[in-house]
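Note on naming: letters A, B, ... go to the chains in the order of the sequence lines (proteins, then strands), and numbering restarts at 1 for each one.
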There are 2 protein chains.
Amino acid sequence: MANSGSEPLVQADNEIRGHLPEPPNDNDLASRLLVSQVASKLRDMIIQDHLKPGTRIRERQLSELLNVSRTPLREAIRILVSERLVHSLPNRGAVVASPNMQEVRQLLEVLGTLEALGGQLAAEFASNERIEEILALHHEMLSAFYRKDKLAYFKLNQAIHKSIVAAGGNGVLVDTHAQLNARLYRIRYISNQRDDRWHEAVAQHEQIADALKARDAARLTTLMRDHIGHTWVKVNSVEA
Amino acid sequence: MANSGSEPLVQADNEIRGHLPEPPNDNDLASRLLVSQVASKLRDMIIQDHLKPGTRIRERQLSELLNVSRTPLREAIRILVSERLVHSLPNRGAVVASPNMQEVRQLLEVLGTLEALGGQLAAEFASNERIEEILALHHEMLSAFYRKDKLAYFKLNQAIHKSIVAAGGNGVLVDTHAQLNARLYRIRYISNQRDDRWHEAVAQHEQIADALKARDAARLTTLMRDHIGHTWVKVNSVEA
DNA sequence: TCGACTCGTTTGGCATACAATTTTTAACGA
DNA sequence: TCGTTAAAAATTGTATGCCAAACGAGTCGA
């Protein structure tokens, strides 16, 4: 371990623009491995925009910053490449991926389908406790909405979607959803900040909560899919 | 390059059990990198059952077998870990993953949803040429069926599903589908060999072909999803 | 029988070396 | 001034050796 003691892997970045919230860290079995830690750190840096899209990743420089050697860093980069969070250019290393509009649309299309499935499964199989937890998150989110606390709203929104998918009990679905979602995290955060259609989204969440409470699988399925469509409108209007 | 000249990365394995067909090799941009080649090789070895589930991957031994050093091999292993084709046990390396019944079911559930989406998109947006290509594959598959050529049938079946998904024009969907499908390739091949329900599957494929030809998106969507259900029955009956 | 210890093997990680390639810099000429 | 070419520097890709920590199989003793 090159990283002795309790000092953090990376110096605190005082110039964070939007101060993106920390994304979810999956408690991997192998997370004690340095590679996993570095991969998580990189993932966070990309997702939180500390490593901006298009940035070329210089191995030595970054390995010094992270206080690890090139070996685990390179292995971590390979992981992110296979997660499509960075691109690999032969002999020119890796650059942080920046999905274009077409790719965002495709991601949302797939995500919508996955969330629809998640909603269906959740309505059918989730325990009552699970559902109540989600409803609790929903009301927290409403609270954030009325407080106009965009950051809290964003985080709770993410948590709700993740929870619904998780409530379906399909681990493969959870993983796949998480991986695709990571590629949109940053762009969603940005579009969330400037969104002037909060009401619509909140209204949709109300319906989602109702359908979940009623365990109306069919309705929840279509609601989840349509809800993603709204996201596309948001993102598209910002980026266009 | 440790692998000079034209000799293959791995000696031909003369003791292949079922002689699984070579899986699709995606022409990655970075495929000239040794890491990518090794990863592909490993993927093939796992998918084709040359590396059996549960096998522990010994780095030095395997690096000698593949004629590469540990460095690219380890990076390749990380890639497969993130693809869930191998598990990583901290300090004990990696073992070839063997999905249990629950995981297979979850994989099929997600795959079914993705293929349903693929079918819908294909029916809506595919070019006529694309559709005709798929129909051609379909008839080839019928031919293999009547010849009782299980291997050809299997390969054509895979090709058809892949083509339908690809015809939708959603690259993210294609990638996601391929990744999940890889985890089922081996188990599907095995169950295909002992399947005594060919007729049902072929009948379903007939319907799928019809729906595609008619560009009936709604019908194709449900057909694709139900078709996967049939796969589950097949796999489950074999494994149970 | 069972627990503690030893020892060999393997992985995880670091450092270094070096060829191939890319990028940067500098020099040059129109 | 601007573009082009050549030399120099930097970076990646791969190999290799090294070492500490972890694990597993025996071994030994109670």
Side-chain angles (χ1 to χ4, degrees), chain A residues 1-10 27-42 51 54-82 85-97, chain B residues 1-10 27-42 46 51-52 54-82 85-97:
Chain A
M1 282 282 281
N3 187 36
S4 61
S6 59
E7 56 180 340
L9 275 179
V10 159
N27 273 336
D28 205 317
L29 272 185
S31 62
R32 53 174 128 157
L33 293 183
L34 190 52
V35 197
S36 312
Q37 297 178 35
V38 172
S40 293
K41 192 74 209 173
L42 280 185
L51 276 177
T55 307
R56 184 156 159 205
I57 294 178
R58 278 179 187 84
E59 295 179 359
R60 282 202 171 78
Q61 166 188 322
L62 194 53
S63 72
E64 284 171 23
L65 177 68
L66 296 179
N67 232 8
V68 300
S69 76
R70 278 177 75 204
T71 309
L73 174 61
R74 284 181 55 101
E75 293 180 8
I77 289 176
R78 298 298 176 200
I79 296 175
L80 297 213
V81 167
S82 81
L85 282 174
V86 314
H87 285 72
S88 164
L89 309 178
N91 294 312
R92 278 190 293 161
V95 299
V96 179
Chain B
M1 283 283 281
N3 187 35
S4 62
S6 58
E7 56 180 341
L9 275 179
V10 159
N27 273 337
D28 205 318
L29 270 186
S31 62
R32 52 175 130 160
L33 291 184
L34 189 51
V35 195
S36 311
Q37 297 179 35
V38 172
S40 293
K41 191 76 209 173
L42 280 184
I46 292 174
L51 276 178
K52 316 235 177 228
T55 306
R56 186 158 159 206
I57 294 179
R58 274 167 186 93
E59 295 180 357
R60 285 194 168 83
Q61 163 190 323
L62 194 54
S63 72
E64 285 171 23
L65 176 68
L66 297 179
N67 232 8
V68 300
S69 75
R70 276 179 74 206
T71 310
L73 174 61
R74 291 183 49 158
E75 293 179 11
I77 290 175
R78 297 300 175 200
I79 295 174
L80 297 212
V81 167
S82 82
L85 283 175
V86 314
H87 284 60
S88 164
L89 309 178
N91 296 311
R92 274 190 297 156
V95 298
V96 178

Undergrad: Nearest-Å distance, CZ (R58(B)) to C1' (dC23(D))?
TA: 12 Å

Undergrad: Write down the atom of V86(B), the atom of A94(B), and the distance for their closest heavy-atom approach.
TA: CG2-CB, 4.1 Å

Undergrad: Please identify each residue that fulfils salt bridge (Lys or Arg N to Asp or Glu O under 4.0 Å) with R74(A), with sequence neighbours left out.
TA: E59(A), E75(B)

Undergrad: Please compare I57(A) and R56(B) by the position of their nearest nucleotide in DNA chain D and report the one closer to 5'.
TA: I57(A)

Undergrad: Rounded to the nearest 0.5 Å, what's the gap from CG on N67(A) to NZ on K41(A)? Could you check?
TA: 12.5 Å

Undergrad: Between N91(A) (CG) and dC18(C) (P), how many Å, whole number?
TA: 20 Å

Undergrad: By the 4.0 Å heavy-atom rule, please label R60(A) as base, sugar-phosphate, or nothing.
TA: base

Undergrad: Can you list the steps and then say if L42(A) with L62(A) is a side-chain contact (heavy atoms from CB on, under 4.5 Å)?
TA: CA-CA 10 Å; L42(A) 280 185; L62(A) 194 53; 3.5 Å; yes

Undergrad: Just the rounded figure in Å: distance from P of dT11(C) to NE2 of H87(B).
TA: 18 Å

Undergrad: Whole Å only: how far is the CG atom of L33(A) from the P atom of dT10(C)?
TA: 18 Å

Undergrad: Considering only side-chain heavy atoms of R92(A), which listed nucleotide, dG13(C), dT23(C), dT12(D), is closest?
TA: dT23(C)

Undergrad: Rounding to a whole Å, what distance do you find between L89(A):CG and dT11(D):C1'?
TA: 13 Å

Undergrad: Does any donor-acceptor pair link the side chain of R70(B) with the base of dG12(C) at a separation under 3.5 Å?
TA: yes

Undergrad: Measure the distance from CD1 on I77(B) to P on dT10(C) and round it to the nearest whole Å.
TA: 14 Å

Undergrad: From the list dC23(D), dA15(D), dT22(C), which nucleotide is the closest neighbour of the side chain of L34(B)?
TA: dA15(D)

Undergrad: Between R74(A) and dG13(D), is there a side-chain N or O to OP1/OP2 distance below 4.0 Å?
TA: yes

Undergrad: Please give, in whole Å, the distance from dT12(D) P to R78(A) CZ?
TA: 11 Å

Undergrad: Please tell me if S69(A) has a side-chain N or O lying less than 4.0 Å from either OP1 or OP2 of dC14(C).
TA: yes

Undergrad: Do side-chain atoms of R92(B) reach the backbone of R56(B) as a donor and acceptor pair under 3.5 angstrom?
TA: no

Undergrad: Quick check on DNA chain C: between T71(B) and E59(B), whose nearest nucleotide comes earlier from the 5' end?
TA: E59(B)

